[in-house]
*Asks:* 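Just dropping this structure here.
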Amino acid sequence: MPFLELNSVSKGYGAEGARSEVLKDINLIVEEGEFVAIVGYSGAGKTTLISMIAGLLQPDAGSVKLRGEAITCPGPDRGIVFQNYSLLPWLTVFENVALAVDQVFPQWSATQRREQVEKYLAMVNLTPAAGKLPRELSGGMRQRVSVARALAMEPKILLLDEPLGALDALTRATLQDEIVRIWEQDRRTVVLITNDVDEGILTADRIIPLSAGPSATLGPSIAVDIPRPRNRKELNSAPAFKRVRKAVLDYLLGTGGRQKTTVSRKLTLPDLLPENLDEPRTLFGAKRVPRRRSEEKFESVELA
Amino acid sequence: MNFFKRYKLDSVLLPLIGVGAFLILWLAIAGRVETRKTLDEFGDPVTKTVKTGLSPDLPSPAETWKASKPYLAEPFAKRGELDQGILAFTILSLSLVMQGYLIALAIGTPLGFFLGLSKTFTKAMDPIIQVLRPVSPLAWFPLGLVLFSSVKFIDGGGKTVFGASDAAALFTIAVCSMWPAVMNTAVGVRAVPTDYLNVAKVLKLSRGKTLFKVLLPATLPYMFTGFRLSLGIAWLVIVAVEMLTGRPGVGGFLWQEYNAGSYSRIILCILTIGIVGLVLDRLMSVVESRFKTA
Ligand SMILES: Nc1ncnc2c1ncn2[C@@H]1O[C@H](COP(=O)(O)OP(=O)(O)OP(=O)(O)O)[C@@H](O)[C@H]1O
Ligand SMILES: [Mg+2]
């Protein structure tokens with residue numbers, strides 16, 4: 001039995017009639033202890049996909065199963081790091097993590113729970129910031145709190161939704177190494193959503209591209225057979241790196257790329273006849289005003 | 001403008017100019033006392049004082065000051081039920097406002113929460129709220145008297161300590177001042193980011209915990225904006241209520257002085273009401289800014 005299994009999952013938004021399909025026929029199998037990266041275009045439906053795994057959304061068709069059991073609601077066994085951090089702004093860093101720990105381990109003693117919070121704050125190097133409020137932190141620090149909160153729940157699977165998307169390249173690199181280091185400590189199952197192919201190659205065991213929307217679907221799974229620990233500097237020249245990168249990009253830019261569609265529509269041109277200054281000014285200005293001709297025109301546009 | 005900015009006078013001088021202009025306008029339209037010497041029909045000289053001016057009965061600033069002095073000099077004096085120092089009146093009014101206001105919050109906040117949480121409830125309640133909201137305190141008070149006509153608490157000496165008119169007064173203040181708290185709480189609950197609720201869902205927080213650890217803190221800034229506006233209205237309503245009941249307080253004093261024809265003290269009351277209202281608003285905005293999150 002696979003650990004996480006998505007079977008011909010489809011999902012769309014909007015009411016009956018005006019519905020737009022975001023994800024179509026998604027099939028995904030993740031084994032226990034695996035680090036899988038899903039790479040896709042912005043707006044393709046990555047957050048939608050991970051929300052279904054988290055149980056925050058229900059698929060319209062198909063099934064999402066964890067250890068053979070259908071996921072019907074969110075729960076702390078699936079730790080999620082949201083794309084926009086989602087820390088509670090009125091709680092300090094410590095309290096944000098403690099809220100999760102207290103909720104998931106109510107049977108522990110107060111000391112045990114405090115130690116758990118401290119342990120995970122130390123893991124993401126945030127011990128000195130424990131008493132600060134989220135608004136006093138930088139974006140990267142907030143993201144690390146969010147990671148610590150998810151990890152401290154000791155989930156069976158960790159879902160990371162573009163955890164580093166909002167960060168600059170340098171901070172990104174540091175945090176990527178940190179994520180890999182933390183993962184290697186206990187090799188928990190991880191699904192990482194990203195829009196950066198290199199990030200996926202550096203961290204994951206497998207990369208799966210998500211085609212561009214609408215009706216996005218997962219492409220072929222591409223194994224990253226580069227031994228760990230992976231060295232960022234040497235990676236760029238490794239043949240395996242180039243091969244994986246090419247395979248992913250070929251899919252994303254080729255079959256899975258944005259379909260070119262032509263749209264033809266009727267346009268009403270807003271061309272105006274200018275104000276006629278030779279006419280005498282009347283009280284109501286009826287003769288002088290600019291006039292609209294409103295010519296109609298047909299046009300076909302090729303959408304990229 | 002630059003001149004003002006440079007010397008940081010614009011925050012001192014400009015308001016002073018405004019106040020000065022206001023005083024001059026007041027002086028200009030206020031009545032002036034003139035003494036006229038005339039002869040009566042028997043040929044005897046009589047002195048007659050006549051008030052002239054745009055608004056002959058309006059006391060001038062100086063007269064107002066003179067008439068108000070005893071109330072300001074001994075602000076806590078109690079010479080009689082309706083003859084007390086101005087701060088004594090203010091405290092009486094404030095305590096009534098606070099009681100009504102607390103009732104308004106105790107009812108309004110949960111009501112706002114339910115409205116924010118349930119679309120069905122909102123649909124059901126909306127017409128009632130929209131109709132009740134603009135009703136004036138003058139209209140609510142008689143209804144309050146009717147509603148609470150049987151309320152009567154008597155102390156040992158047989159004196160009524162809390163009667164129908166007291167209940168009606170509290171009712172009027174509460175009903176009038178409740179709405180901003182209700183509306184802002186409802187808007188605040190609806191505006192809670194889905195992300196926070198998702199966190200609560202992932203952690204499987206119970207309903208109570210979601211309410212107290214997520215919904216309530218996220219709504220607090222909105223709630224306090226509502227609370228501040230509500231307090232402003234409660235303070236507006238107090239004057240009407242005291243006029244109708246004749247209770248001792250700033251509004252009651254105002255009405256009594258009007259009936260007694262000493263118009264200077266009306267102005268004293270108006271200024272007191274304005275200043276107290278301003279102070280209350282400032283205090284509440286300090287509290288409000290304390291609860292601003294993120
Ligand atoms: N609640 C919603 N209601 C309606 N449409 C939605 C909703 N959430 C997402 N969508 C639409 O679904 C599509 C996919 O959104 P999603 O957030 O999953 O994209 P994404 O891949 O995570 O994008 P990004 O990389 O920018 O985070 C988008 O076109 C978006 O407009
Ligand atoms: Mg997203």
Side-chain angles (χ1 to χ4, degrees), chain A residues 13 47-48 50-58 71-92 95-106 132-137 139 142 145-146 148-161, chain B residues 105 109-110 112-113 116-120 122-123 181 184-228 283-294:
Chain A
Y13 290 105
T47 302
T48 310
I50 210 147
S51 302
M52 283 192 292
I53 302 176
L56 291 165
L57 291 175
Q58 294 300 317
I71 292 173
T72 53
C73 62
D77 55 338
R78 281 148 285 142
I80 180 165
V81 174
F82 295 96
Q83 189 166 3
N84 40 15
Y85 324 136
S86 295
L87 300 175
L88 303 179
W90 53 88
L91 298 181
T92 63
E95 288 164 344
N96 262 290
V97 180
L99 179 70
V101 172
D102 293 349
Q103 186 63 25
V104 179
F105 305 106
K132 288 196 171 153
L133 289 173
R135 63 165 168 268
E136 300 168 306
L137 304 180
R142 285 181 212 183
V145 181
S146 191
R149 178 175 64 186
L151 287 172
M153 301 191 289
E154 301 191 352
K156 288 189 228 155
I157 181 167
L158 188 61
L159 309 170
L160 305 170
D161 186 4
Chain B
L105 297 195
T109 316
F113 257 93
L117 288 174
S118 159
K119 282 215 174 85
T120 327
T122 308
K123 285 220 178 93
N184 278 277
T185 308
V187 169
V189 171
R190 282 186 212 120
V192 174
T194 342
D195 296 334
Y196 300 168
L197 297 176
N198 280 345
V199 171
K201 278 190 205 155
V202 167
L203 292 178
K204 286 218 149 124
L205 295 182
S206 63
R207 274 168 170 269
K209 269 197 170 166
T210 306
L211 177 64
F212 285 107
K213 301 232 159 177
V214 181
L215 273 178
L216 198 63
T219 318
L220 270 184
Y222 287 85
M223 276 166 51
F224 271 89
T225 305
F227 290 177
R228 180 167 61 86
L283 285 179
M284 280 306 279
S285 49
V286 169
V287 180
E288 194 186 336
S289 59
R290 269 280 287 105
F291 284 98
K292 281 264 177 301
T293 42

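By convention in this document, chain letters (A, B, ...) are assigned in the order of the sequence lines, proteins followed by strands, and residues within each chain are numbered from 1. Computed from a predicted model, the values in this text were never measured in an experiment.
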*Asks:* What heavy-atom pair brings A:Leu87 and B:Tyr196 nearest, and what distance separates the two atoms?
*Replies:* O-CE2, 3.6 Å
*Asks:* Scan for salt bridge (Lys or Arg N to Asp or Glu O under 4.0 Å) pairs involving residues 71-92 of chain A, sequence neighbours excluded, and state none if there are none.
*Replies:* A:Asp77-A:Lys156
*Asks:* Any non-hydrogen side-chain atom of B:Lys213 less than 4.5 Å from a side-chain atom of A:Leu88?
*Replies:*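 No, too far: nothing below the 4.5 Å cut-off.
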*Asks:* Who are the ring-ring contact (aromatic ring centres under 6.0 Å, His included) partners of B:Phe227, not counting sequence neighbours?
*Replies:*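 Testing B:Phe227 for ring-ring contact (aromatic ring centres under 6.0 Å, His included), a comparison that skips the adjacent residues, returns B:Phe224.
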*Asks:* Just wondering, do A:Tyr85 and B:Asp195 contact through their side chains at under 4.5 Å, heavy atoms?
*Replies:*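 No; the side chains remain at least 4.5 Å from each other.
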*Asks:* About how many Å separate CD1 of A:Ile80 and CG of B:Leu203, when rounded to the nearest 0.5 Å?
*Replies:* 11.5 Å
*Asks:* Report yes if the side chains of A:Pro74 and B:Lys204 come closer than 4.5 Å at any heavy-atom pair, otherwise no.
*Replies:* no
*Asks:* Begin from the C-alpha positions of A:Leu99 and B:Lys209 and carry the test side chain to side chain contact (heavy atoms under 4.5 Å, CB included) through to its verdict.
*Replies:* CA-CA 10 Å; A:Leu99 179 70; B:Lys209 269 197 170 166; 5.9 Å; no
*Asks:* More than 12 non-hydrogen atoms from neighbouring residues, nucleotides or ligands closer than 6.0 Å to OH on A:Tyr13, yes or no?
*Replies:*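 Atom OH in A:Tyr13 is packed in, count exceeds 12.
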*Asks:* Counting only non-hydrogen atoms closer than 4.5 Å, does A:Ala100 touch chain B with its backbone (N, CA, C, O), its side chain (CB onward), both, or neither?
*Replies:* both
*Asks:* Using non-hydrogen atoms and a 4.5 Å limit, figure out which bit of A:Leu133 sits close to chain B: side chain, backbone, both or neither.
*Replies:*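 Neither part; nothing is under 4.5 Å.
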*Asks:* Please examine the side chains of A:Trp90 and B:Leu220, heavy atoms only from C-beta on, and report whether any two atoms are closer than 4.5 Å.
*Replies:*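 The answer is no, as the side chains (C-beta and beyond) never meet within the 4.5 Å cut-off.
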